[in-house]
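Below is one structure, written out as structure tokens; comments come after it.
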2 protein chains.
Amino acid sequence: MPEVPPEAPTGDELLRVLSALGNPHRMRIVAALLESRNYVSALARLIGMGRPLLHMHLQRLEAAGLVVGTLEVGEDGKSMKYYDVTPFCYELTPRIVAQAAATLTETTEPDRATGRAAKEEAK
Amino acid sequence: MPEVPPEAPTGDELLRVLSALGNPHRMRIVAALLESRNYVSALARLIGMGRPLLHMHLQRLEAAGLVVGTLEVGEDGKSMKYYDVTPFCYELTPRIVAQAAATLTETTEPDRATGRAAKEEAK
DNA sequence: GGCACCTGTCAAAGATTTCTGACACATCTC
DNA sequence: GAGATGTGTCAGAAATCTTTGACAGGTGCC
């Protein structure tokens, strides 16, 4: 049996997943793809959305590991990029969120090497 | 015994939860509050964040039902707003997301059938 | 009174994210 | 060739989210 995230996703991973799913359009995209895999242009027509925009949303979902895209070549020689929903499974509880938060890499990139956050205690 | 969302949260609810948690600062806030409940000003000092900003983040978390704030009056007469993390528990799978997406009441969509996309009734 | 805390709000800046209309390329059919 | 399909990209609006500083009030203590 394949492994699913057992308990503790990294902060960055969880953040990517949550912010990817925290968007009505992307939720609908997942729903549409779960019903049947599809390629970009057809999916764009199906849910009434511009191709460039859908492309962006799909990239966000794929970056979060929620969908996967494979470039397939049809018998007519046209290449279409089909997207499938991955069987992801995340549990959201205070403890898991807290654990993830502890492993968050500073979002603001202050320095190249130090990795030190440049937040000082004022006052 | 209070019930936790067993399986199918509404689209709006899940959307609120995901977009609330899909932010590094808010994840850290949940983590800090889970370690120990706190009131706004102290929490602001603790995580090095302005009060107005923290206030906004807490409102977002509370609107999603992830934390609750209670205005308590100490014996010294000062009122402090203490926040607690609620024991939320959400499961994130393709099916659950798809189900939630189906009940989304949001979008500039034209309209389908009884369609009447409106904001929630303020209380 | 003045100081140190607490609470809340508001209006702007600042930074992201979202969205749109181009553009580029390829293949197949007419 | 033109026209349909598919792929991807880009720059720039448009909308939204984040952040800041100033303001309003409240209480207790020196």
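Below, chains carry the letters A, B, ... as their sequence lines are ordered, and counting in each starts from 1.
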**Request:** Name the residue closer to the 5' end of DNA chain C, choosing between A:D76 and A:H57 according to the nucleotide with the nearest heavy atom.
**Result:** A:H57
**Fill in**
B:L15 CG to D:dC17 C1', in whole Å, measures 14 Å
**Request:** Report yes if a side-chain nitrogen or oxygen of A:K81 is closer than 4.0 Å to either non-bridging phosphate oxygen (OP1 or OP2) of D:dG8; otherwise report no.
**Result:** yes
**Item:** Side-chain touch A:R60/A:S19, heavy atoms, less than 4.5 angstrom
**Value:** yes
**Prompt:** Between C:dT7, C:dT18, D:dC10, which nucleotide has the shortest distance from any of its atoms to the side chain of A:M56?
**Reply:** C:dT18
**Item:** Integer-rounded Å distance: D:dG6 C1' and A:L54 CG
**Value:** 14 Å
**Message:** If I take atom CG in residue B:L71 and atom C1' in nucleotide C:dC5, what distance separates them, rounded to the nearest angstrom?
**Reply:** 15 Å
**Item:** Nearest non-hydrogen partners of B:G11 and A:M27, listed with the distance
**Value:** O-CE, 4.3 Å
**Request:** Using a 4.0 Å heavy-atom cut-off across all strands, classify B:V40 as base, sugar-phosphate, or nothing.
**Result:** sugar-phosphate
**Prompt:** Rounded to whole angstroms, how far apart are CD1 on A:I29 and C1' on C:dT18?
**Reply:** 12 Å
**Request:** Calculate the interatomic distance between B:E72 atom CD and D:dT27 atom C1'; express it in whole Å.
**Result:** 16 Å
**Item:** Whole-Å distance separating the NZ atom of B:K78 from the C1' atom of C:dC6
**Value:** 7 Å
**Prompt:** Counting only side-chain N and O atoms of A:R51, is one of them less than 4.0 Å from OP1 or OP2 of C:dC19?
**Reply:** no
**Message:** Just N and O in the side chain of A:H25: are any of them under 4.0 Å from OP1 or OP2 of C:dC19?
**Reply:** yes
**Request:** Could you check how far CG of A:L43 sits from C1' of D:dG6, rounded to whole Å?
**Result:** 14 Å
**Contact nearer the 5' end of DNA chain D, comparing A:P52 with A:S79** = A:S79
**Request:** Apply the side-chain contact (heavy atoms from CB on, under 4.5 Å) test between B:Y83 and each candidate in B:V40, B:V30, B:I29; give the one that qualifies.
**Result:** B:V40
**Prompt:** To the side chain of A:M80, which of C:dT18, C:dC5, D:dG6 is closest?
**Reply:** D:dG6
**Prompt:** Has B:S41 got a side-chain N or O lying under 4.0 Å from the OP1 or OP2 atom of C:dT7?
**Reply:** yes
**Message:** Are more than 12 heavy atoms, taken from residues, nucleotides or ligands other than A:R37, located less than 6.0 Å from that residue's CZ atom?
**Reply:** yes
**Prompt:** What distance separates A:L58 CG from A:Y39 OH, expressed to the nearest 0.5 Å?
**Reply:** 14.0 Å
**B:R60 vs A:R45, nearer the 5' end of DNA chain D by closest nucleotide** = A:R45
**Prompt:** B:H55 side chain N/O closer than 4.0 Å to the phosphate oxygens (OP1, OP2) of D:dT19?
**Reply:** no
**Asked** Once you round to the nearest 0.5 Å, how far does CD of B:E62 lie from CZ of B:R16?
**Response** 12.5 Å
**Request:** For C:dT17, take OP1 and OP2 only and decide whether either is under 4.0 Å from a side-chain N or O of A:N23.
**Result:** no
**Prompt:** In terms of the nearest nucleotide of DNA chain C, which residue is placed more toward the 5' end: A:G77 or A:L53?
**Reply:** A:L53
**Message:** If you compare every side-chain N and O of B:Y39 against the phosphate oxygens of C:dC6 (OP1, OP2), does one of them come in below 4.0 Å?
**Reply:** yes
**Request:** Give the rounded distance in Å between these two atoms: OH of B:Y83 and C1' of C:dC6.
**Result:** 14 Å
